[in-house]
Amino acid sequence: MAVTGDETESAATGDMPAYQLRSPNSSLAQNIVMAASPGTMQSPSSQHAEEITRKREVRLMKNREAARECRRKKKEYVKCLENRVAVLENQNKTLIEELKALKDIYCHKAE
DNA sequence: TGATAGCAGCGTCAGGGTTT
DNA sequence: AAACCCTGACGCTGCTATCA
């Protein structure tokens, strides 16, 4: 899919989030289609444009939710890893102490 | 107290992987 | 092969802490 090309330009305007400024497939005239009053007769081409717009909105909505879920899972994964690090560090500490104790015992026996 | 940096969270796009 | 899903990357916003 081609990049719209107006992204960086729009993002620089600043009074609106970039994702609201970006136009979809440039020549679709989305805003005009959406402004058409409901209930009026529509030509086949405008119905087609409306269908494309609707599909895009559905896709964006699904992707929005997918991104949220993806971030949630990632955070959970990182938390899991951090927990595992803590557990392993404790184990390591315990083993070091155990080794030290065993060494002590061994040294006293050797005397 | 205003300027600035750093961070977290968000929406979107692009592209690779998976399913139908 | 088209439709769908997942996720890294990007740019934006809002918040907080720090500094001059």
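Lettering of chains follows the sequences in order, A, B, ..., and the numbering in each one begins at 1.
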(request) Assess whether one donor atom and one acceptor atom, taken from the side chain of N63(A) and the base of dC5(C), lie less than 3.5 Å apart. (result) no

(request) Nearest whole angstrom, please: distance from the P of dT12(B) to the CD of E57(A). (result) 10 Å

(request) Evaluate whether atom CZ of R72(A) has more than 12 neighbouring non-hydrogen atoms of other residues, nucleotides or ligands under 6.0 angstrom away. (result) yes

(message) For a quick check of understanding: with a heavy-atom distance under 4.0 Å over all strands, which category does R71(A) fall into, base, sugar-phosphate or nothing?
(response) base

(request) Could you tell me the separation between the CZ atom of R56(A) and the P atom of dC4(C), rounded to a whole number of Å? (result) 16 Å

(request) Report yes if a side-chain nitrogen or oxygen of K73(A) is closer than 4.0 Å to either non-bridging phosphate oxygen (OP1 or OP2) of dC6(C); otherwise report no. (result) no

(message) In whole Å, I'd like the distance from the NZ atom of K62(A) to the C1' atom of dA14(B).
(response) 19 Å

(message) Can you tell me how far apart NZ (K55(A)) and CD (E50(A)) are? Round to the nearest 0.5 Å.
(response) 13.5 Å

(message) In whole Å, I'd like the distance from the NZ atom of K74(A) to the C1' atom of dA8(B).
(response) 13 Å

(message) Check this for me, if you would: do E51(A) and R54(A) make a salt bridge, where the nitrogen-to-carboxylate-oxygen distance has to be below 4.0 angstrom?
(response) yes

(message) With a 4.0 Å limit, can you tell me whether R64(A) has a side-chain N or O closer than that to the phosphate oxygens OP1/OP2 of dC10(B)?
(response) no

(message) Working to the nearest 0.5 angstrom, can you tell me the gap between K100(A) NZ and L95(A) CG?
(response) 14.5 Å

(request) Give K75(A) one of three labels, base, sugar-phosphate or nothing, depending on what nucleic acid heavy atoms sit under 4.0 Å from its own. (result) sugar-phosphate

(request) Measure the distance from CZ on R68(A) to P on dG9(B) and round it to the nearest whole Å. (result) 13 Å

(request) Figure out the CE/C1' separation between M61(A) and dC4(C), and round it to whole Å. (result) 14 Å

(message) For a quick test of reading the model: is some side-chain N or O of R59(A) closer than 4.0 Å to OP1 or OP2 of dG11(B)?
(response) no

(message) What is the distance, to the nearest angstrom, from the CZ atom on R72(A) to the P atom on dC10(B)?
(response) 12 Å

(message) Looking at S46(A) and Q42(A), would you say the former's side chain and the latter's main chain have a donor-acceptor pair under 3.5 Å?
(response) no

(request) Rounded off to whole Å, could you give me the CD-to-C1' distance for the E69(A) and dG11(B) pair? (result) 16 Å

